[in-house]
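In what follows, a single structure is set out as structure tokens and then discussed.
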Amino acid sequence: MTRRDLIQKVILGTTSLIIIPEAFTSCSKDNTDPGGGNGNGGGGGTNIILDLTAAANVALNTSGGTVISKGVIIANTGNNVFIAIDSVCTHMGCTIGYSLAANNFPCPCHGSVYSTTGAVLNGPATIGLKSYPVSKSGNILTVSLT
């Protein structure tokens, strides 16, 4: 092995150690907590608490608006009805969105579509998403993760 071959292999190996893990984490669940103001954000609690007056959650005040917290997408389906399901497509791990017009959750990567209960409506995904109960009290939404 020449010195040049050794240097090339070291550079290639080092680059792989940096780039490959980053590529895998880009498809992982979004664990952001847009804030609820009561200390339940992050850390695997049993509830997601969202204050609808908080700047990070104002999208939920509009029909079709969504927020992602602890890997769960919460959507306002209109008429003060909120639903919550896992936010990561079971096919390839992309983050899903919500379509108010179709009242479903499409995946932008490969076309899978989930119902408001998390059932697969259109593949290639074959496994549904978990749904969670949502309650509203005043300006506070509570998503029960248990």
Side-chain angles (χ1 to χ4, degrees), residues 7-146:
I7 292 171
Q8 286 176 337
K9 288 183 185 209
V10 168
I11 291 172
L12 179 62
T14 303
T15 303
S16 296
L17 288 174
I18 293 169
I19 293 175
I20 291 175
E22 187 64 30
F24 284 120
T25 58
S26 68
C27 292
S28 67
K29 285 188 175 185
D30 180 356
N31 288 323
T32 60
D33 183 6
N38 72 354
N40 282 341
T46 57
N47 291 329
I48 298 171
I49 309 293
L50 300 173
D51 182 346
L52 297 177
T53 62
N57 302 323
V58 295
L60 289 172
N61 293 316
T62 305
S63 294
T66 63
V67 166
I68 295 177
S69 179
K70 294 185 182 181
V72 174
I73 184 169
I74 301 98
N76 179 340
T77 64
N79 297 322
N80 247 355
V81 176
F82 298 89
I83 52 178
I85 66 172
D86 285 333
S87 65
V88 178
C89 180
T90 59
H91 174 242
M92 294 291 289
C94 294
T95 301
I96 62 170
Y98 174 69
S99 168
L100 178 62
N103 194 33
N104 61 28
F105 292 88
C107 178
C109 295
H110 300 105
S112 293
V113 179
Y114 300 90
S115 74
T116 57
T117 63
V120 177
L121 297 174
N122 187 47
T126 57
I127 300 170
L129 298 169
K130 183 170 180 171
S131 65
Y132 303 93
V134 181
S135 60
K136 183 178 182 212
S137 178
N139 287 321
I140 304 297
L141 282 185
T142 302
V143 180
S144 177
L145 300 179
T146 56

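- Side-chain atoms of Val72 and Ser87, non-hydrogen and from C-beta on, never get closer than 4.5 Å to each other.
- The shortest side-chain heavy-atom distance between Ile48 and Ser69 falls under the 4.5 Å cut-off.
- Here Thr117 contributes atom OG1 and Asn104 contributes atom CG; the two are 11.0 Å apart, rounded to the nearest 0.5 Å.
- Of the possible donor and acceptor atoms, none in the side chain of Asn57 sits under 3.5 Å from a partner among the backbone N and O of Leu52.
- With hydrogens and angles disregarded, no donor-acceptor distance shorter than 3.5 Å links the side chain of Thr66 to the backbone of Ile73.
- Considering every non-hydrogen atom in both His110 and Pro124, the closest pair reads O-CD, 3.3 Å.
- At least one side-chain heavy atom of Tyr114 sits under 4.5 Å from a side-chain heavy atom of Cys89.
- Side-chain contact between Asn80 and Lys136 is present, with at least one heavy-atom pair separated by less than 4.5 Å.
- No donor-acceptor distance shorter than 3.5 angstrom exists from the side chain of Asp86 to the backbone of Val88, with no hydrogens or angles considered.
- Residues Val134 and Leu141 form a side-chain contact, since some pair of their non-hydrogen atoms from C-beta on lies under 4.5 Å apart.
- Between Tyr98 and Phe105, the ring-plane angle classifies as tilted under the 30° and 60° cut-offs.
- Annotation: disulfide (SG to SG under 2.5 Å) contacts involving residues 102-146, sequence neighbours excluded, comprise Cys94-Cys109.
- The structure places OG of Ser63 at 6.5 Å from CG of Asn79, a figure rounded to the nearest 0.5 Å.
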With side-chain contact (heavy atoms from CB on, under 4.5 Å) as the criterion, how do Asn139 and Asp51 come out once you've worked through the C-alpha distance, each side chain's angles and the decisive distance to 0.1 Å? CA-CA 6 Å; Asn139 287 321; Asp51 182 346; 4.1 Å; yes

side-chain contact (heavy atoms from CB on, under 4.5 Å) evaluation trace for Thr95 with Ile68: CA-CA 9 Å; Thr95 301; Ile68 295 177; 3.4 Å; yes

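- Using a distance-only test at 3.5 Å, with no hydrogens or angles considered, no donor-acceptor pair links the side chain of Thr62 to the main chain of Gly65.
- By the 4.5 Å heavy-atom criterion applied to side chains, Leu145 and Val143 are counted as neighbours.
- Asn47 places no side-chain N or O within 3.5 Å of a backbone atom of Ile49 that could act as its donor or acceptor partner.
- With rounding to the nearest 0.5 Å, the separation of CG in Leu121 from OG1 in Thr116 is 8.5 Å.
- The shortest distance between side-chain heavy atoms of Leu129 and Thr90 falls below 4.5 Å.
- Here the OG1 atom belonging to Thr77 is positioned 8.0 Å from the CZ atom belonging to Phe82, to the nearest 0.5 angstrom.
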